There are 2 protein chains.
Amino acid sequence: MEENDVVTCLAALAQPMRLQVFRALVVAGPDGLTPGALVEALDVPAATLSFHLKELTRSGLISQERDGRSLIYRAAFEQMDGLLTYLTYNCCEGKACAVAQPKSAARKPR
Amino acid sequence: MEENDVVTCLAALAQPMRLQVFRALVVAGPDGLTPGALVEALDVPAATLSFHLKELTRSGLISQERDGRSLIYRAAFEQMDGLLTYLTYNCCEGKACAVAQPKSAARKPR
DNA sequence: CCTTTATTTCCATAATAATCGAAATATGGA
DNA sequence: TCCATATTTCGATTATTATGGAAATAAAGG
């Protein structure tokens, strides 16, 4: 992933409501969630949610698919993986830092 | 790391100049860099740089230490590790996604 | 103490992002 | 075709962030 896209992805997640939306979609997995479900779950006005969904979509971190009257949004794990890969590289260059997947995997196991 | 701090860290990195600054500090390693060196390297007005350094410091992603007339800024790897850990968790919850440290480590070896 | 160098703070300005009601669009079904 | 439901777009408003020159602060050394 290229620096520009990295900044866009980071900015997409760097907002409380959007981080919550993304987390909800990650938890929902392949089924995804509709805007309606997110409005309920996160108690946010539809127009506001729509703005944030657009922002996340623009970054490539989520995808959209129509299903009848509803839309289904899903987390785009490949993109998130790309972001993490970039950050891991640019955190750990020459350092014995967070190549620590084992350490990470050990704590806070929820 | 808690959700609030995650958003703050993401926001700190979600800006082209700040991402460059952080990357430069990561590359510089334990020696760190002075604002003067960064002004030279990144060709940015001192006042603008100072604003961004403050932002990064506020997030905990870099630290500051005085050395005579100069200040030395360094990447705070523990904080970055915390951020990566959080993101890894909230990307991969229930997914066989980017627990892929090996995969990541294999490509783009520069 | 005065000067030089390093860096930050102040301040005004410009640019971008977030909020949300109301109107518009899309879809499926009677 | 008309209606109800799901969602987005519009548009106005407010809030936050970024930029950079000029003035202020901090430290070292004569």
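In the text below, chain A, chain B and the rest are named by the order of the sequence lines, each starting its count at 1. Computed from a predicted structure; not experimentally measured.
- Atom-to-atom, CD of A:E40 to P of D:dT5 comes out at 15 Å; the value is rounded to the nearest Å.
- Rounded to whole angstrom, the span from the CG atom of A:L13 across to the P atom of C:dA18 amounts to 12 Å.
- In terms of position along DNA chain C, the nucleotide closest to B:A37 lies nearer the 5' end than the nucleotide closest to the other residue of the pair B:A37 and A:T48.
- Side-chain proximity of B:A46 to the nucleotides C:dA18, C:dT8, D:dT19 is greatest for C:dT8.
- Between the side chain of A:R18 and the main chain of A:A11, a donor-acceptor pair closer than 3.5 Å is present.
- The cluster map of Ile, Leu, Val, Met, Phe, Trp and Tyr, joined by side-chain heavy atoms under 4.5 Å apart, puts B:V44 and B:Y73 in the same cluster.
- Atoms CG (B:D67) and C1' (D:dA27) sit 11 Å apart, rounded to a whole Å.
- The nearest whole Å value for the distance from the CG atom in A:L33 to the P atom in D:dT7 is 11 Å.
- Candidate nucleotides C:dT27, D:dT8, D:dG21 were compared by shortest atom distance to the side chain of A:R66, and C:dT27 ranks first.
- Listed nucleotides: C:dT19, D:dT7, D:dA22. Nearest to the side chain of A:Q15: C:dT19.
- In this model, the phosphate group of D:dA6 is not approached by any side-chain N or O of A:Y73 to a distance below 4.0 Å at OP1 or OP2.
- Atom NZ in A:K54 sits about 8 Å away from atom C1' in D:dT8, given to the nearest Å.
- Map B:T34 and A:R18 each onto its nearest nucleotide of DNA chain C; the residue landing nearer the 5' end is B:T34.
- One hydrophobic cluster holds both A:L42 and A:V26 under the rule that ILVMFWY side chains link at heavy-atom gaps under 4.5 Å.
- Dashed line: the shortest gap from a side-chain N or O of A:S70 to OP1 or OP2 of D:dT5 is not under 4.0 Å.
- Between B:H52 and D:dT19 there is a side-chain N or O to OP1 or OP2 distance below 4.0 Å.
- Residue-to-nucleotide contacts include no donor-acceptor pair under 3.5 Å from the side chain of A:R69 to the base of D:dT7.
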Checking B:L25 against B:R74 for the side chain to side chain contact (heavy atoms under 4.5 Å, CB included) test, could you report, in this order, the C-alpha distance in whole Å, the side-chain angles of both residues, the deciding distance, and whether it holds?
CA-CA 6 Å; B:L25 292 179; B:R74 294 187 182 87; over 6 Å; no
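- With DNA chain D read from its 5' end, the first of the two nearest nucleotides for B:R58 and B:P45 is the one closest to B:R58.
- In this structure, A:L53 places its CG atom 15 Å from C1' of C:dT19, rounding to the nearest Å.
- Note: CG (A:L71) to P (C:dA26) measures 12 Å, nearest angstrom.
- Applying the 6.0 Å contact sphere to CD of A:E40 captures no more than 12 heavy atoms from other residues, nucleotides or ligands.
- If you take CD1 of B:I62 and C1' of C:dT8, they are 14 Å apart, rounded to a whole angstrom.
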